[in-house]
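Below is one structure, written out as structure tokens, with a few remarks after it.
Side chains included, hydrogens not; waters and symmetry mates left out as well; all remaining heavy atoms used.
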Amino acid sequence: MVSPVLKRGFFLLLLAALLVAPFMPHIIYPIFLMKMMCFALFACAFNLLLGHAGIVSFGHAAFFGGSAYITGYGLREMGLSTELAILAGVAFSTILGAAIGALAIRRQGIYLAMITLALAQMVYFTFLQMPFTGAEDGMQPIPRGHLFGLIDLSSDTRLYFLVLACVIGGLWLVNRIVNSPFGEVLRAIREHEPRARSMGYAVDRYKIITFALSAGLSGLAGSLKCVTFRLASLTDVHWHTSGDVILMTLLGGMNSVFGPAIGAVLISLLRHYFDALGAWVTVVIGIIFILCVLVFRRGVLGEINHLLSRRVTPRSSLKEQPNAQI
């Protein structure tokens, strides 16, 4: 396993690179970097359900896109400050997640997944018909507003640091949830739900709370993307977006905390640099995904951790061998 010092050094180096990035637009465009960060948070939030609770959801776009619409409505129609509009979107997605979770957990497996998909499509058609959403044209333009009524976020640089702070806070919360007694219970439910019930855990309550937490963090990602692009569209709430986040999670590694973030970055980069291929970009991403599934069955980060653990294990066994002989 990688030492904690090395992990801490890597995260500090990554944080330093992210802090410097907006001042070097000739290397990477800040808007594109904010988009990657939003999808990284979205993927890690989704993985709370898939990777740690063992629940497959085909409807997470409802939380991601729904929060974007509510944030856009708060900014454009109600004139709210940016932080209040984002909080409104997160609150909406959290409540929606709890409601959908309470209905979906009545079934298991593929039936649960189909319920989430059906309910998400109901949310999609609701936003399609509402007068303030702009239907196929989307809600635009959405003002970025002022943070706390003081800081003008029309500047990409100022907005970048807001997005960075929110994403870091969201990822910290995901890590805290996973590495807590609550996260241990989720993994117990994933591995053997009847045994978790027999131990006295309120399994249904844990599932609903996990749905709400995952939806709220997904909503935060959607709200940040809405503010970044000044747009809330039907694409954000469409089932294709739910498929994309599943792809990101599986590609990065669903048995890790930050693996899905790596998958989100990879998919975003592929879509950006292969955009010239038009519709063929979907075929290219599909082929790359198939190859990664065949070669990296644990996901990119999971495979890296596995290789590192294989290197460490022989050394530790050699050290323990003399003691075993004695």
Side-chain angles (χ1 to χ4, degrees), residues 37-68 70-71 86-87 89-109 112-113 115-117 119-120 123 166-190 193 202-225 236-237 239 241-250 252-261 263-264:
M37 289 192 292
C38 292
F39 277 110
L41 176 59
F42 184 28
C44 289
F46 171 77
N47 196 45
L48 283 176
L49 277 181
L50 180 61
H52 300 285
I55 300 173
V56 180
S57 170
F58 287 160
H60 253 57
F63 315 129
F64 182 79
S67 180
I70 297 301
T71 298
I86 292 175
L87 286 175
V90 172
F92 169 81
S93 59
T94 302
I95 295 171
L96 182 63
I100 290 179
L103 293 172
I105 63 170
R106 298 173 183 269
R107 294 294 181 265
Q108 292 184 347
L112 186 155
I115 290 174
T116 60
L117 176 60
L119 294 174
V123 174
C166 291
V167 170
I168 289 176
L171 293 178
W172 174 86
L173 182 58
V174 170
N175 183 64
R176 186 69 185 88
I177 292 170
V178 171
N179 296 296
S180 68
F182 182 86
E184 294 293 336
V185 175
L186 291 184
R187 285 184 286 277
I189 294 172
R190 179 194 65 190
E193 184 175 327
V203 172
D204 290 347
R205 186 184 303 169
Y206 275 92
K207 287 182 178 180
I208 294 173
I209 293 174
T210 307
F211 253 102
L213 290 171
S214 179
L217 289 167
S218 299
L220 175 60
S223 295
L224 293 174
K225 181 176 179 290
D236 296 332
V237 79
W239 66 268
T241 303
S242 298
D244 286 342
V245 75
I246 294 174
L247 178 63
M248 294 170 184
T249 303
L250 295 178
M254 66 179 186
N255 292 323
S256 58
V257 180
F258 301 117

Would you mind telling me which of Ile246, Leu49, Leu50 makes a side-chain contact (heavy atoms from CB on, under 4.5 Å) with His60?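 Testing His60 for a side-chain contact (heavy atoms from CB on, under 4.5 Å) against Ile246, Leu49, Leu50 leaves exactly one candidate, Leu49.
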Any side-chain to backbone donor/acceptor pair from [X] onto [Y]? Under 3.5 Å, distance only.
| X | Y | value |
| --- | --- | --- |
| Ser218 | Phe63 | no |
| Thr116 | Ala113 | yes |
| Arg190 | Gly51 | yes |
| Asp236 | Ala61 | no |
| Asn47 | Thr249 | no |
| Asn175 | Leu171 | no |
| Thr241 | Val237 | no |
| Ser93 | Ala215 | yes |
| Ser180 | Ile177 | yes |

4.5 Å side-chain heavy-atom contact, [X] and [Y]:
| X | Y | answer |
| --- | --- | --- |
| Leu112 | Val56 | no |
| Thr210 | His52 | no |
| Thr71 | Phe92 | no |
| Ile105 | Phe211 | yes |
| Phe42 | Leu217 | no |
| Arg187 | Val178 | yes |
| Met248 | Pro260 | no |

Might you point out which heavy atoms bring [X] and [Y] nearest each other, and give the distance in Å?
| X | Y | value |
| --- | --- | --- |
| Ala120 | Gly59 | CB-CA, 3.4 Å |
| Leu119 | Ile100 | CD1-CG2, 3.8 Å |
| Gly89 | Ser223 | CA-OG, 4.0 Å |
| Leu224 | Cys38 | CB-SG, 3.7 Å |

Can you measure from [atom1] ([X]) to [atom2] ([Y]) and round to the nearest 0.5 angstrom?
| X | Y | atom1 | atom2 | result |
| --- | --- | --- | --- | --- |
| Leu173 | Leu41 | CG | CG | 9.5 Å |
| Thr94 | Leu87 | OG1 | CG | 10.0 Å |
| Cys166 | Ile86 | SG | CD1 | 5.5 Å |

Pair Tyr206-Phe182, ring-ring contact (aromatic ring centres under 6.0 Å, His included): steps then yes or no: CA-CA 8 Å; Tyr206 275 92; Phe182 182 86; 5.2 Å; yes
Under 6.0 Å between the ring centres of Phe39 and Phe46?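 Ring centroids of Phe39 and Phe46 are no less than 6.0 Å from each other.
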Please step through side-chain contact (heavy atoms from CB on, under 4.5 Å) for the pair Glu193 and Gln108, ending with a clear verdict. CA-CA 11 Å; Glu193 184 175 327; Gln108 292 184 347; 3.2 Å; yes
